[in-house]
Amino acid sequence: MKVRFAPSPTGALHVGGARTALFNWLLARGAGGELVLRIEDTDHERSTPENVEQIFDALRWLDLDWDGEPVFQSARSERHREVLERLLEQGHAYRSTATAQDVRAYKERHGAERGFRGEDDGDGAVRLSVPAEGETVVNDEIRGTATFKHEHLDDPVIARADGSVLYNFAVAVDDLDAGITHVVRGEDHLSNTPKQLLVLEALGAPQPVYAHLPLLHGPDGSKLSKRHGAASVQDLRDAGYLPEAVRNYLALLGWGDEDDETIISTEDLVQRFRIDRVSRNPARFDERKLRWMNGRYLRSLDPADLARRLEAYSGRTGLEAAVSIAQDKLQTLADFWPLCGFLFDGPAQDAEAYQRVIAADGGGDRLAAARAALEAAQPWEEEQVEAALREVVERLGVKPKEVFQPVRVAIAGTTVSPGIFESVALLGREETLSRIDAALGNLRSSG
RNA sequence: GCCGCUAUCGUCUAGGGGACUAGGACGCCGCCCUCUCACGGCGGAAACCCGGGUUCGAAUCCCGGUAGCGGUACCA
């Protein structure tokens, strides 16, 4: 088995393209086949080094590897010219000067459902001769068969007047030459497939196995784009998702095993993935479910591992202690800093929280009581911190939160943080007391 | 317009003639846990596009309609 993944280098790797890459990868890796990467761009306008590097980068981040060197398509290779000549000589193709207007005029005369047939003008673009009778059947692993009657098919242009070849010709020849056995790509290519099959047939070449994946849409059913949030692999990485979670989520978008598992490791995915179990309906990309799944993966990570990833993501260091008290509260890597930033950069400035929790209803008095208890806590460990604060709660006869929240706002600046005992213990005695003093000082000065 | 593909809870899906009172997951709602926010636990609402046919029996097979998507480039 030889599988190929052929992204078009339009820039970032779109989420749909990433899923196609994943399915190709799962198919090849699961069957022990070979997976080649080909950058598909016959006119070479889009495959700038930057665009190509973005594709590689996205694939590497997803940890989807390929075999051998990536291949770059060419519109003017000697091989393409040679095959074109052969088709011309054998009468499978002809040169025609017919324009798009000519095609329209033809259909007005013969009916809209009638495929265009040109005449051999001896020059102009090269068109493939579609047989007058019969049909071309695409055997698709996912859809069964799609039948295209030849009378409905236009003679497709396969090379421009200047001799450069077009996609539907190039892709068929390139797949043939590379010995590709399995073509897995988006459903938008299904209607192109008969053209490619006809090229192969004119060449007397065998057909690969096809599988056309349903398309991916945005949450509202329209084409997935930036305005829906994350639309590319780059966006996903920036939003703080884990590659293993993205792989898991994407695999379940259009594919489902009979056992209904939701969290599936990549190893299991490789083992269980079956191309013929891919769904036929288009799927919507729902970032909420990805967030949930990412949280599951995040929580299952070893804290040291999570800290490493967070450090790479944020560019900061020394995060492990904070990670260990915040891990359960994160869904993405991006959630960490808003939650734990106060441990490193001082309390946040949430005036509303301060007013409501410390400045009102005796919050300051309870905070002062907590300060005194904390000052006496010995040693400065989570257990002693908890004992000290709970003792204050008991002595004052108030609800726990009436003591804990003022402390939280004093050290974190906001009402949301990791557990209060862990946070205080991690912050240290000196820093904690000084932040409480600052909050209390504020209270006095504001009267 | 023409050609092609598709149609199960809001979303992703399981199901492939009787096991369907249609299962799971996200999301949503309620309760529990609880120092905030989360996590977790328990429970709930929520779907077979419509119409014909085949059959003892249809979510499942067939036909038609409708809708969505894709293609219809000297783009990829």
Side-chain angles (χ1 to χ4, degrees), chain A residues 6-10 40-43 45-46 73 96-100 103 107 111-116 124-127 138 140 142-144 146-149 151-154 156-168 170-171 186-195 212 214-215 217 219 221-223 249 252-263 279-293 295-296 299 326-331 335 339 353 357 386 389-390 393 399-405 407-409 412 414-421 423:
Chain A
S8 159
T10 50
E40 207 146 86
D41 179 22
T42 58
D43 60 19
E45 269 173 23
R46 293 160 164 171
Q73 202 172 42
S96 163
T97 54
T99 61
V103 173
K107 290 189 186 259
E113 74 286 351
R114 188 73 169 277
F116 173 76
V126 180
R127 283 184 187 269
V138 179
D140 191 288
I142 296 169
R143 286 153 215 283
T147 303
F148 297 81
K149 288 196 168 65
E151 54 177 312
H152 295 316
L153 262 25
D154 293 337
V157 175
I158 56 176
R160 300 181 181 91
D162 70 3
S164 61
V165 297
L166 261 26
Y167 171 76
N168 284 123
V171 73
E187 195 196 334
D188 49 341
H189 286 284
L190 184 57
S191 300
N192 287 329
T193 309
K195 300 176 196 169
H212 287 94
L215 264 17
H217 297 137
S222 68
K223 193 168 153 49
Y249 176 71
L252 257 22
L253 230 42
W255 173 82
D257 204 1
E258 51 208 343
D259 72 2
D260 268 358
E261 286 310 323
T262 302
I263 302 292
S279 158
R280 292 179 300 275
N281 343 355
R284 296 181 189 208
F285 179 74
D286 179 9
E287 210 175 325
R288 286 178 307 186
K289 190 164 184 174
L290 208 210
R291 281 188 69 84
W292 165 80
M293 190 175 280
R296 289 280 304 252
R299 262 167 262 130
Q327 186 165 10
D328 284 352
K329 299 174 188 296
L330 306 179
Q331 281 196 309
D335 292 343
L339 187 70
V357 178
E386 175 163 4
L389 291 176
R390 287 202 187 280
V393 168
K399 290 181 191 159
K401 70 195 297 187
E402 293 183 273
V403 171
F404 300 163
Q405 280 298 76
V407 173
R408 188 187 310 280
V409 172
T414 73
T415 56
V416 178
S417 82
I420 191 65
F421 316 124
S423 297

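This one's a predicted model, so the numbers in the text were calculated from it and none came from an experiment. Quick note on labels: first sequence line is chain A, next is B, and so on, each numbered from 1.
Of all nucleotides present, none satisfies the Watson-Crick or G-U wobble test against B:C39 with each distance under 3.5 Å. Of all nucleotides present, none satisfies the Watson-Crick or G-U wobble test against B:A45 with each distance under 3.5 Å. The partner of B:A25 is B:U11, by the rule that a Watson-Crick or G-U pair needs both atom distances under 3.5 Å. Across all strands shown, B:G71 forms a Watson-Crick or G-U wobble pair with B:C2, both key distances being under 3.5 Å.
Checking the phosphate oxygens (OP1, OP2) of B:C35, a side-chain nitrogen or oxygen of A:Arg390 falls inside 4.0 Å. OP1 and OP2 of B:C26 both lie 4.0 Å or more from every side-chain N or O belonging to A:Arg291. Residue A:Arg299 places at least one side-chain N or O closer than 4.0 Å to OP1 or OP2 of B:G40.
The P atoms of B:G10 and B:A46 are separated by 11 Å, rounded to the nearest whole Å. Taking atom P in both B:C61 and B:C75, the straight-line distance is 41 Å, to the nearest Å.
Contact record, A:Lys329 with A:Leu339: CB-CD2, 3.7 Å, taken as the closest heavy-atom pair. Residues A:Pro214 and A:Asn281 approach most closely at CB-O, 3.1 Å, considering heavy atoms.
When A:Arg114, A:Arg127, A:Lys107 are each tested for a salt bridge (charged side-chain N to carboxylate O under 4.0 Å, His left out) with A:Asp154, only one passes: A:Lys107.
For a distance-only test at 3.5 Å, the side chain of A:Thr262 fails to qualify as a donor-acceptor partner of the base of B:G24. You'll find a donor-acceptor pair under 3.5 Å spanning the side chain of A:Lys329 and the base of B:C37, going by distance alone.
Remark: P of B:G1 and CG of A:Asp154 are 18 Å apart, rounded to the nearest angstrom. Following rounding to the nearest Å, A:Lys401 (NZ) and B:A38 (P) show an atom-to-atom distance of 13 Å.
Contact annotation for A:Leu166: backbone-only contact, meaning every heavy-atom pair under 4.0 Å involves sugar-phosphate atoms and none involves a base. Residue contacts for A:Ala125: at a heavy-atom cut-off of 4.0 Å it reaches a base atom on one of the strands shown. Among the heavy atoms of the strands, none lies under 4.0 Å from A:Ser164. Counting non-hydrogen atoms under 4.0 angstrom, A:Asp188 reaches the backbone sugars and phosphates but no base. Here A:His189 lies in heavy-atom contact (under 4.0 Å) with a base. Among the heavy atoms of the strands lying under 4.0 Å from A:Phe148 are primed sugar atoms or P, OP1, OP2 only; no base atom is included.
Separation of atoms CG (A:Leu252) and OG (A:Ser279) is listed at 11.5 Å; rounding is to 0.5 Å.
Partners of A:His189 under the ring pair (Phe, Tyr, Trp, His ring centres under 6.0 Å) rule, at least two apart in sequence or in another chain, are A:Tyr167.
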Show the distances under 3.5 angstrom between N or O atoms of the protein and N or O atoms of nucleotides 59-64 of chain B.
none

Interface polar pairs with nucleotides 11-13 of chain B, N/O, under 3.5 angstrom:
| unit_1 | atom_1 | unit_2 | atom_2 | d |
| --- | --- | --- | --- | --- |
| B:C12 | OP1 | A:Arg284 | N | 3.2 |
| B:C12 | O2' | A:Leu252 | O | 2.8 |
| B:C12 | O2 | A:Lys289 | NZ | 3.4 |
| B:U13 | OP1 | A:Gly254 | N | 2.6 |

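Using a distance-only test at 3.5 Å, with no hydrogens or angles considered, no donor-acceptor pair links the side chain of A:Glu187 to the main chain of A:His212.
For B:C39, the O4'-C1' to base torsion is within 90° of 0; the nucleotide is therefore syn.
Both A:Arg143 and A:Lys223 lie near RNA chain B, and the one whose nearest nucleotide falls closer to the 5' end is A:Arg143.
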